[in-house]
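Note on naming: letters A, B, ... go to the chains in the order of the sequence lines (proteins, then strands), and numbering restarts at 1 for each one.
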Amino acid sequence: MSQDRPVNILLVDDKKENLLALESILEAPGYHLVRALSGQDALLALLAQDYAAIVLDVQMPGMTGIELAQMVRGRKKTQHIPIVFLTAHGDESAIAGYQAGAADFLTKPVQPAVLRSKVAVFAELSRKSSALLAEVEERRQAEERIGQLNKELSERVDQLATVNAELEAFSYTVSHDLRAPLRHIGGFVDMLREECASVMNDVGQRYLGIIAEAAAQMGVLIDDLLAFSRLGRTEMREALVNMEDLVKEVLQEMATDTQGRSIEWELHPLPKVHGDRSMLKQVWVNLLSNAVKYTGPRMPAKIEVGYTEGNGEWEFYVQDNGVGFDMKYANKLFGVFQRLHAAEEFEGTGIGLANVQRTVRRHGGRAWAEGKVDEGATFYFNLPRSVEKSL
Amino acid sequence: MTPLRPILLVDDNLNDVELTLAALKKSKVTNEIVIGRDGDEALDYLYRRGKFQSRELGLPAVVFLDLKMPKVNGIEVLRQMKGDDVLKLVPVVMLTSSREEVDLVTSYKLGVNAFVVKPVGFQEFIDAVGRAGMFWAVVNEAPPVKEPIA
């Protein structure tokens, strides 16, 4: 800090004893005192470094104090340096002195306390000025850095926009072009059945059935994949979402699927969170319908929904007493189209949990699960608790 | 009973054309079906020019339009039809492979009368196409139109 660095004070007087006197008055740890016996010496000293103040005798042979002051004022590098004139004379010098740019005038004999306090003011000024300049330079560099970072950011944003556009085009193509042949397979298989019903045996019919189903399955996969892809790119609409109401809504909509099942629901109160309502609803739909599905063999099925408050986040869970899963495959659960059960056991394409993970990630959280084969499973997801999140 | 006007089916994919014809037949839609292989042919038919210059007078009851076609695509045909004072009265059903939102919005903004996604499952396909055909070509009271000025 500049407070610690001593400031330079230039003392100019043609008489050595005066300089000594000045030095003894001004001697202080914060000052570095430099002597000059003439105007020329003073100018040389001024070339070498910056000074907080110049204490100057008016009456000097050769270059007078006034002339020196004019020169100091005339140079850009030194014009800011305050000059304290010491004079034995009366008023006429004063006016000329001020005109030449003196900051102050003191008559000899100088009162030490007065000289010290005057110099102290200028020294303080000089320190503050240096500090300010240093800060300005720091700010300028920081701004430059920011400008650079902004440039990089905007390049990244452009790249991202391009990638998104490419993905969009890709999805569009998948959408149209992959579906048409599927439709043809399905359609002509059906027409084949009709045309050749009389000549085709059971085996042939069965084979045709498998072909038609495979085509249909592929259609579902394409739809799922497209929805998953879109999930990463749609704009989120943030609002305050009442999770408890949301879960109740989902349960109501699932009523037809759960008809005839004996399910014991344990629904704990849930908080309100910031997020996209329809996306969060989809998370609940996926988790709750999974719980319902995988507790199929249970009578009664037990499904519990609740939350805990963690470190600046809410942790939601859905726990069931269903068929569970082997923890050693836990990391596969949330992969796209990853399943831990065969299609004949439980239907589904394996995209639901991938959607959950994607959605929760977009909200700044993550999803995970714990389970044991035949002893049920618990699915968790957390959401950060910051207010006014920008998504 | 007013005579049935023809249905103009515009689709570049022959398999789709065959399936659509089968679906319409199963749904007992007996209107004559005219096929346009792409947007150009569709417009040629509507304006009675090119290979359709000697078609019978009378605009179709409905146009079933596929979206993705070479040369002039479905959106373009839709735009031209709805931009023509006479042709804009002819009902247009977009019959297409997917419900990409951008297509939906554009089509409806241009004034399409219906947008039907061709289902992958054939039974559903028959239902969808058959019902659309039955409604627009038979049940619906088609607007009275003269020939457009080419």
Side-chain angles (χ1 to χ4, degrees), chain A residues 161 164-197 205 207-235 237 278-279 347 349, chain B residues 9-28 37-39 64-71 73-78 94-107 115-133:
Chain A
N164 264 357
E166 287 172 356
L167 265 171
E168 192 67 53
F170 178 74
S171 294
Y172 189 83
T173 302
V174 166
S175 214
H176 275 275
D177 297 342
L178 288 188
R179 269 193 244 235
L182 275 187
R183 192 171 49 247
H184 302 157
I185 294 173
F188 284 96
V189 158
D190 259 22
M191 301 215 295
L192 178 64
R193 268 193 178 138
E194 276 186 42
E195 276 295 313
C196 307
Q205 290 283 351
Y207 287 170
L208 282 181
I210 293 174
I211 295 172
E213 255 202 55
Q217 173 71 345
M218 188 160 164
V220 173
L221 286 172
I222 291 179
D223 285 343
D224 281 355
L225 201 56
L226 282 177
F228 173 72
S229 158
R230 213 170 282 131
L231 201 58
R233 290 176 286 121
T234 2
E235 262 184 60
R237 261 170 290 180
S278 67
M279 285 185 172
E347 63 92 27
T349 54
Chain B
L9 172 59
V10 192
D11 198 326
D12 64 313
N13 188 305
L14 286 176
N15 288 336
D16 272 324
V17 168
E18 194 171 339
L19 287 177
T20 308
L21 288 175
L24 288 171
K25 189 161 164 211
K26 279 187 199 286
S27 309
K28 314 273 196 282
R37 297 296 311 280
D38 56 49
F64 279 171
L65 195 47
D66 186 29
L67 231 163
K68 243 180 138 207
M69 295 184 291
K71 293 191 259 170
N73 68 17
I75 297 277
E76 266 315 299
V77 174
L78 182 62
M94 205 67 107
L95 202 59
T96 182
S97 277
S98 86
R99 61 172 302 293
E100 281 296 308
E101 199 154 309
V102 58
D103 293 332
L104 267 174
V105 172
T106 313
S107 304
F115 195 104
V116 177
V117 175
K118 295 186 251 191
V120 170
F122 192 50
Q123 195 46 58
E124 291 98 331
F125 182 81
I126 297 175
D127 282 347
V129 171
R131 277 197 235 164

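Between A:Met191 and B:Ala22, the closest heavy-atom pair is SD-CB, 3.4 Å. Residues A:Asp190 and B:Gln123 share a closest heavy-atom pair of OD2-N, 4.1 Å.
We find the CZ-CZ distance between B:Phe122 and A:Arg193 to be 12.0 Å, quoted to the nearest 0.5 Å. Put simply, CD on B:Glu124 and CZ on A:Arg183 are 12.5 Å apart, with the number rounded to the nearest 0.5 Å.
Annotation: maximal heavy-atom pairing with chain B below 4.5 Å, among A:Ala180, A:Gly187, A:Gly186, occurs at A:Gly187.
Within the 4.5 Å cutoff, the side chain of A:Phe188 has heavy atoms near those of the B:Asn15 side chain.
Neither the backbone nor the side chain of A:Glu213 comes within contact range of chain B; no heavy atoms are under 4.5 Å apart.
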